[in-house]
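Hydrogens, waters and symmetry mates are skipped; everything else that's a heavy atom, side chains included, is used.
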Amino acid sequence: MPPAEATPARIAIGAHCSAAGGLWRTIERAVAIEAEAVQFFGASPRAWRPTNHKPEAYERFRELRAEAGIGQAWLHGSYLVSLAPRNEEHYEKSIASVVNALTVAARAGAEGVVLHSGSHLGRGFEAVLPEVVSAIGRILDEAPDGPFLALENAAGQQGPIGGTFGELGAILDAADSPRLRVCLDTCHTFAAGYDITTPEGMEETLEEFRREIGIEMLAVIHANDSKRELGSGRDRHENIGEGYIGFEGFRTILGEPAFAGRALLLEVPGFEGDGPDLENVQRLKRLRDEVAAS
């Protein structure tokens, strides 16, 4: 008799939650919306100044996470970071910011840091690739061991670094570090022209992802509907089912075997305008259950 096949690990439904008031508040807010995984900022995403978290804050975060059974935990890097800016000061501040985020991740016991790599500002990807790779090398040399650095794919507007799977793959190949991974954002992917709303489109998308990056490099997924149409190049997140990806699109995403075991983290407006909420989490959970039952 052949051995029984292992049951694929279930996709976890999580959300970005505020760390205002202390890192551990992230876990409390995640529990309140029934999230199974969480993402948070370790410092203000729109300022260079790092937050000085005390040892007891990290300890409380780890304790509450364990008690709540929260799976993956990820930090999101500052929006100010660019790995190929036009001036040296911005470059150095960006490197220091990511090192700080990885330090917070290590102390909190988080899986890693999700990072927007910035824009090439019209210089072209090939021209800035050496700067990006040099920055990543310095970041990983200076940061504590452990957490991954997951580069997020971009929507395509304003010359982003990583707007195609080929660009992300080129960075990973050139940097050649076991600590580098990729975060796939559903809104950004759709806006960049990858149709992930149908089984056929998903198959084509993942064929390119496997060829250029490798599915084993996919660490985490941002689950965001899109306010704009396929290929718009615009990074405009919408609540689940309210945008152009829609419920059917998320059924396709949740039914994709390649995503098994990953966390889907919401970064949506929320129905009361205050970020991911219980309704968005429950919508994804219902779709996950429908897919599993079909």
Side-chain angles (χ1 to χ4, degrees), residues 9-47 49-79 97-98 100-115 144 146-148 150 152 183 185-186 219-225 237-241 250 254 261-289:
R10 187 171 71 161
I11 290 173
I13 306 302
H16 185 102
C17 294
S18 171
L23 285 180
W24 67 93
R25 300 293 186 193
T26 301
I27 301 300
E28 294 176 347
R29 292 175 178 118
V31 169
I33 61 172
E34 301 179 2
E36 300 163 344
V38 71
Q39 177 182 271
F40 59 99
F41 291 120
S44 170
R46 302 188 187 280
R49 183 179 179 181
T51 302
N52 185 25
H53 301 290
K54 296 181 179 179
E56 51 266 34
Y58 290 115
E59 183 179 0
R60 185 64 175 146
F61 176 92
R62 293 190 297 266
E63 287 176 351
L64 285 182
R65 179 184 173 190
E67 290 172 7
I70 297 291
Q72 292 192 26
W74 287 84
L75 272 77
H76 196 296
S78 168
Y79 294 139
S97 177
V98 184
N100 178 72
L102 284 166
T103 301
V104 173
R107 293 173 178 171
E111 273 63 30
V113 173
V114 174
L115 183 68
F148 290 113
E152 184 172 348
C183 170
D185 186 296
T186 58
V220 64
I221 299 167
H222 284 167
N224 302 307
D225 211 327
H237 297 187
E238 182 56 282
N239 292 313
I240 300 301
F250 278 98
L254 288 159
R262 270 81 175 187
L264 267 65
L265 302 174
L266 288 153
E267 295 179 320
V268 293
F271 286 97
E272 295 187 9
D274 193 29
D277 50 21
L278 180 60
E279 177 60 25
N280 276 288
V281 170
Q282 290 181 337
R283 286 187 177 191
L284 283 181
K285 286 184 175 181
R286 284 195 294 268
L287 290 171
R288 182 181 64 185
D289 292 345

Next on the checklist: Is there a side-chain contact (heavy atoms from CB on, under 4.5 Å) between C183 and L265? Walk through the geometry before answering.
Outcome noted: CA-CA 10 Å; C183 170; L265 302 174; over 6 Å; no

Checklist outcome for this item: S78 and P45 have their tightest heavy-atom pair at OG-O, 3.0 Å

Checklist outcome for this item: Sorted by chain and number, sequence neighbours left out, side chain to side chain contact (heavy atoms under 4.5 Å, CB included) with R65 holds for I27, F61, I70, A73, E111

Checklist entry - Below 4.5 Å, heavy atoms only, C-beta onward: do I11 and L254 meet side chain to side chain? => result yes

Checklist outcome for this item: Hits for side-chain hydrogen bond (donor to acceptor under 3.5 Å, both in side chains) against R288, two or more places apart or cross-chain, chain-then-number order -> E36

Item to check | Option from H16, H237, E152 for which side-chain hydrogen bond (donor to acceptor under 3.5 Å, both in side chains) with H222 holds | outcome: E152

Checklist entry - Residues two or more places apart in sequence or in another chain: which of them pass side chain to side chain contact (heavy atoms under 4.5 Å, CB included) with R49? => result none

Item to check | From CD1 (I33) to CD (E279), nearest 0.5 Å | outcome: 11.5 Å

Next on the checklist: Going by side chain to side chain contact (heavy atoms under 4.5 Å, CB included), name the residues that satisfy it together with A219, two or more places apart in sequence or in a different chain.
Outcome noted: W74, R181

Checklist entry - Can you list the residues that meet the side chain to side chain contact (heavy atoms under 4.5 Å, CB included) rule with A223, with sequence neighbours excluded? => result F250, L264, L266, L284

Item to check | With E238 via salt bridge (charged side-chain N to carboxylate O under 4.0 Å, His left out) - residues at least two apart | outcome: K227

Item to check | With N280 via side-chain hydrogen bond (donor to acceptor under 3.5 Å, both in side chains) - residues at least two apart | outcome: N239, D277

Checklist outcome for this item: CD1 (I13) and NZ (K285) are apart, to the nearest 0.5 Å, by 8.0 Å

Next on the checklist: The criterion is ring-ring contact (aromatic ring centres under 6.0 Å, His included); which residues satisfy it with Y58, sequence neighbours excluded?
Outcome noted: H53

Checklist entry - If you take all heavy atoms of A68 and V31, which pair is closest and at what distance? => result CB-CG2, 3.5 Å

Checklist outcome for this item: Between the CD atom in E272 and the CG atom in L278, the distance rounded to the nearest 0.5 Å is 11.0 Å

Next on the checklist: Using modelled atom types and a 3.5 Å cut-off, is there a donor and acceptor pairing between side-chain atoms of R283 and backbone atoms of I240?
Outcome noted: yes

Checklist outcome for this item: In terms of heavy-atom contacts, P50 and A43 come closest through CA-CB, 4.2 Å

Item to check | Sequence neighbours excluded - salt bridge (Lys or Arg N to Asp or Glu O under 4.0 Å) pairs with any residue from residues 51-62 | outcome: R60-E63

Checklist outcome for this item: Heavy atoms of V113 and A105 approach each other most closely as CG2-CB, 4.1 Å

Next on the checklist: Test of understanding: with side-chain hydrogen bond (donor to acceptor under 3.5 Å, both in side chains), list the residues that count as partners of R25, not counting sequence neighbours.
Outcome noted: E28

Item to check | Closest heavy-atom pair and its distance - L75, A101 | outcome: CD2-O, 3.5 Å

Checklist entry - Taking all atoms of both residues into account, what is the closest heavy-atom pair of A37 and A263, and its distance? => result CB-CB, 3.9 Å

